[in-house]
Protein chains: 4
Amino acid sequence: MSPRNIEKDLLMREERKKFILDSAVQVIATKGIGSTHMNDIAAAASISIGNLYHYFKSKDEIYAELLYMTQTDYGLFVTAASQMPGNAIDKLRYICSTWLSISTNWAFTILIQTARTTESIPLEIRNAVTERFTANLQPVAAIMKEGQESGHILDGEDPLELAFYFVSLIQGLTLQRAPGIEVRITPKTESIIRLFQVGFKK
Amino acid sequence: MSPRNIEKDLLMREERKKFILDSAVQVIATKGIGSTHMNDIAAAASISIGNLYHYFKSKDEIYAELLYMTQTDYGLFVTAASQMPGNAIDKLRYICSTWLSISTNWAFTILIQTARTTESIPLEIRNAVTERFTANLQPVAAIMKEGQESGHILDGEDPLELAFYFVSLIQGLTLQRAPGIEVRITPKTESIIRLFQVGFKK
Amino acid sequence: MSPRNIEKDLLMREERKKFILDSAVQVIATKGIGSTHMNDIAAAASISIGNLYHYFKSKDEIYAELLYMTQTDYGLFVTAASQMPGNAIDKLRYICSTWLSISTNWAFTILIQTARTTESIPLEIRNAVTERFTANLQPVAAIMKEGQESGHILDGEDPLELAFYFVSLIQGLTLQRAPGIEVRITPKTESIIRLFQVGFKK
Amino acid sequence: MSPRNIEKDLLMREERKKFILDSAVQVIATKGIGSTHMNDIAAAASISIGNLYHYFKSKDEIYAELLYMTQTDYGLFVTAASQMPGNAIDKLRYICSTWLSISTNWAFTILIQTARTTESIPLEIRNAVTERFTANLQPVAAIMKEGQESGHILDGEDPLELAFYFVSLIQGLTLQRAPGIEVRITPKTESIIRLFQVGFKK
DNA sequence: GATGAATGAGCCTTCATTCAT
DNA sequence: CATGAATGAAGGCTCATTCAT
């Protein structure tokens with residue numbers, strides 16, 4: 001009744017939503033996107049299907065928020081990396097090793113790719129995804145630029161372009177780690193970094 | 001007995017199957033995998049749904065053959081590249097520019113990734129895909145090794161590992177070219193090659 | 001937590017299932033088994049097709065439960081008959097007249113026979129049906145034995161064998177009463193009983 | 001070209017049709033009616049589906065002719081039995097033992113019952129089946145009458161009614177011999193005959 | 001809010017029948 | 001006549017979404 005309760009309710013609601021989305025990521029990481037249905041998500045969050053619809057209008061909305069959440073989290077992660085102490089190579093190393101070590105990231109990558117290429121998903125959502133993808137390139141580009149200026153990173157290329165390659169490479173590698181895939185080659189952070197590093201090659 | 005030419009029939013059948021698969025790739029390239037249904041494929045090949053089932057036992061079989069076909073084609077392509085005249089850099093350049101210029105390759109990439117990560121697809125098929133993926137790495141690895149020996153390509157890494165990075169990078173980039181995606185950065189073959197090239201960086 | 005009564009829900013669910021199965025028997029009795037589709041059953045139970053699948057996993061499961069239900073009911077009926085007061089002849093008379101008077105019994109008989117001879121039905125189900133059929137022979141065999149001992153029923157045969165004949169005869173007759181069949185001969189309980197009776201023949 | 005050829009052609013055609021029907025019975029006896037499709041029949045007769053339609057207009061027609069054929073054959077069999085030398089009991093014994101020993105008869109029985117109870121089969125065909133069923137009762141009824149007059153068979157009942165019971169019993173028993181059914185009771189001709197015999201029971 | 005039963009459009013697949021060769 | 005590719009209506013089943021309690 002009091003404004004305080006309303007505020008608290010809204011907060012609770014947001015927390016619940018976040019919890020549901022987190023649960024959803026877990027199932028998707030296990031079952032794959034195509035095979036994850038609303039009842040799977042409901043079960044993962046230990047709520048009923050009906051109740052799920054109290055928090056999200058539709059599967060598309062879950063999808064959209066999921067994308068927003070994961071991309072935002074990723075953006076925060078990359079931004080933090082760009083601002084940590086150390087030189088550019090250290091920062092890239094941090095991004096690379098952290099990202100590759102999180103075993104469910106493949107789900108995130110496929111989630112995004114699927115979202116962008118699935119016709120049934122509204123163009124609006126898909127555009128937002130691409131928008132964020134591009135935005136998330138900026139912190140990495142900043143690292144690249146910094147590295148070029150300090151002479152650590154390959155010069156002569158557009159930093160944004162380099163960032164694009166770096167992220168694409170990592171995403172490509174991530175896909176090879178989906179469950180059931182047994183590529184016997186393990187990517188090594190050092191080797192990957194070296195591709196972008198200067199002076200290492202004589 | 002038969003007023004028909006049996007041999008010719010068999011040939012025709014194979015041709016028809018190939019035609020259907022080619023058509024299927026086209027639709028998938030347009031609509032996305034998840035949204036491509038049997039009637040879409042039938043329509044794309046201008047045949048009836050029922051007839052589709054004369055050539056393929058199930059959607060899964062189409063899937064499997066599609067994967068086999070595209071991966072085999074890709075293997076031939078990479079093998080041919082590895083055997084063309086010129087040095088390793090020339091060969092990588094050829095692979096890279098050719099691959100990135102084919103606009104439907106994103107479909108191929110997603111097709112494969114989805115196949116590998118979709119639970120409902122029989123494990124057998126998924127394993128075959130990974131198997132072929134790994135096998136297709138070999139010709140690229142051969143190029144890398146050749147390049148390392150001739151001093152054109154980054155030394156000190158396992159050639160297979162380098163091939164893995166190269167292919168993952170290109171696949172990652174390919175994904176950004178799916179329909180409806182408008183990343184404003186165009187990958188440039190020269191810049192990509194340079195990542196693996198030696199002596200270009202002082 | 002739940003505004004609903006869980007126990008009551010479970011009870012309701014069982015009741016609904018029973019209701020659906022009863023409805024299914026009705027349609028089958030009218031349309032024949034081969035021509036009864038899921039939508040017919042759904043319509044008969046006045047529910048949607050989708051909802052039908054909340055109660056039963058598949059058509060086969062409906063089939064199996066239908067068989068279980070009808071055979072169990074039949075078993076109870078025969079057992080009750082074997083335990084009613086009166087001599088063996090009275091009991092057979094009761095079974096025979098009751099059974100022949102129920103107009104939908106032909107459906108039950110064909111249901112069982114079809115189940116046993118339809119390849120597409122899992123062997124497990126078919127074996128269970130035969131198992132129950134054999135078990136249901138026992139109470140009738142008991143009546144036969146009792147009759148033989150009291151001198152009412154034909155001696156010199158295995159009671160179980162006699163039961164087998166009795167039941168087969170009644171089943172055979174039941175088949176002649178399917179809808180659309182107009183055999184102009186009406187089976188008479190007394191005449192049928194007489195076949196197994198002693199002393200009636202000089 | 002000559003009338004002779006035309007005649008011969010017609011004869012050939014009839015022979016082919018008979019061959020196809022015989023083949024059809026074989027498949028049905030193995031696969032069950034519901035699971036026997038046009039291509040199964042075509043394959044069993046070693047002809048193409050298309051060619052099958054040169055001999056029969058539709059599946060229903062095959063069905064109808066199959067029923068006609070089997071019922072006619074049965075009629076001839078029963079008529080022959082009624083006219084063979086020996087007393088009524090001998091004749092019944094012959095019918096019973098012969099019928100029960102033919103292992104595919106269950107298919108015949110189910111074929112007829114299914115035909116009569118399947119809505120999709122035209123009423124006309126179904127009526128014809130019942131008509132023939134009734135007609136085929138006559139020779140058996142004649143045997144019964146003869147037996148009553150000679151004092152071998154139960155008196156006091158309508159011979160036709162007795163025939164009805166006899167045939168129903170045998171049909172009912174036949175059903176228990178379908179493939180995959182393992183009722184551990186073997187019907188014995190002598191015991192069955194005894195049910196209708198006089199003087200055996202004191 | 002919470003629950004899960006109910007709905008129905010739509011997907012994959014089958015199969016009797018037709019038709020071009 | 002012979003063949004089997006082609007057709008398409010219809011059946012079984014799934015699953016996002018709604019609704020009564």
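Each chain gets a letter, A, B and so on, in the order the sequences are listed, and its residues count up from 1.
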note: D/Phe56, atom CZ; F/dC1, atom P; distance rounded to Å ~ 13 Å
Rounding to a whole Å, what distance do you find between A/Asp60:CG and F/dA16:P?
-> 11 Å
Do the side chain of A/Gln71 and the main chain of A/Val129 share a donor and acceptor less than 3.5 angstrom apart?
-> yes
OH of A/Tyr53 versus C1' of F/dA20: gap in Å, rounded?
-> 17 Å
Atom-pair distance (CZ on C/Arg13; C1' on E/dA6), nearest Å | 13 Å
What is the distance from CD of C/Glu15 to P of E/dA5, rounded to the nearest Å?
-> 14 Å
If pairing requires Watson-Crick or G-U wobble contacts with both distances under 3.5 Å, which nucleotide is the partner of E/dA20?
-> F/dT3
Keeping the roles fixed (side chain from A/Asn51, backbone from A/Ser48), state whether a donor-acceptor pair exists under 3.5 Å.
-> no
In whole angstrom, what separates B/His37's NE2 from E/dT13's C1'?
-> 15 Å
Drop me the distance from C/Ile47's CD1 to C/His54's NE2, to the nearest 0.5 angstrom.
-> 9.5 Å
F/dA10: pairing nucleotide in any strand, Watson-Crick or G-U under 3.5 angstrom = E/dT13
If you check the A/His54 side chain, which of F/dT7, E/dA2, E/dT17 turns out closest?
-> E/dA2
Given atom NZ of B/Lys59 and atom P of E/dC11, what is their separation to the nearest angstrom?
-> 9 Å
Measure the OH-CZ distance between B/Tyr63 and B/Arg126 for me, rounded to the nearest 0.5 Å.
-> 11.5 Å
Give the nucleotide from the list F/dC13, E/dA2, E/dA5 with an atom nearest to the side chain of A/Arg16.
-> E/dA2
Of the nucleotides E/dT3, E/dT7, F/dG11, which has the atom closest to the C/Ser48 side chain?
-> E/dT7
Measure from the side chain of A/Ile49, starting at C-beta and using heavy atoms only, and say which of F/dA2, E/dC11, E/dG4 lies closest.
-> E/dG4
Against the side chain of D/Asn51, the closest entry in F/dA2, E/dT13, E/dA2 is F/dA2
If you find the nucleotide of DNA chain F closest to C/Gly50 and the one closest to A/Lys57, which residue's nucleotide is nearer the 5' end?
-> C/Gly50
Result of checking A/Ile125, A/Thr70, A/Leu21 against A/Glu65 for side-chain contact (heavy atoms from CB on, under 4.5 Å) = A/Leu21
Quick one: B/Leu52 CG to F/dA6 P, roughly how many Å, whole number?
-> 11 Å
Side chain of A/Met38 only, please: which of F/dA6, F/dT17, E/dT7 is the nearest?
-> F/dT17
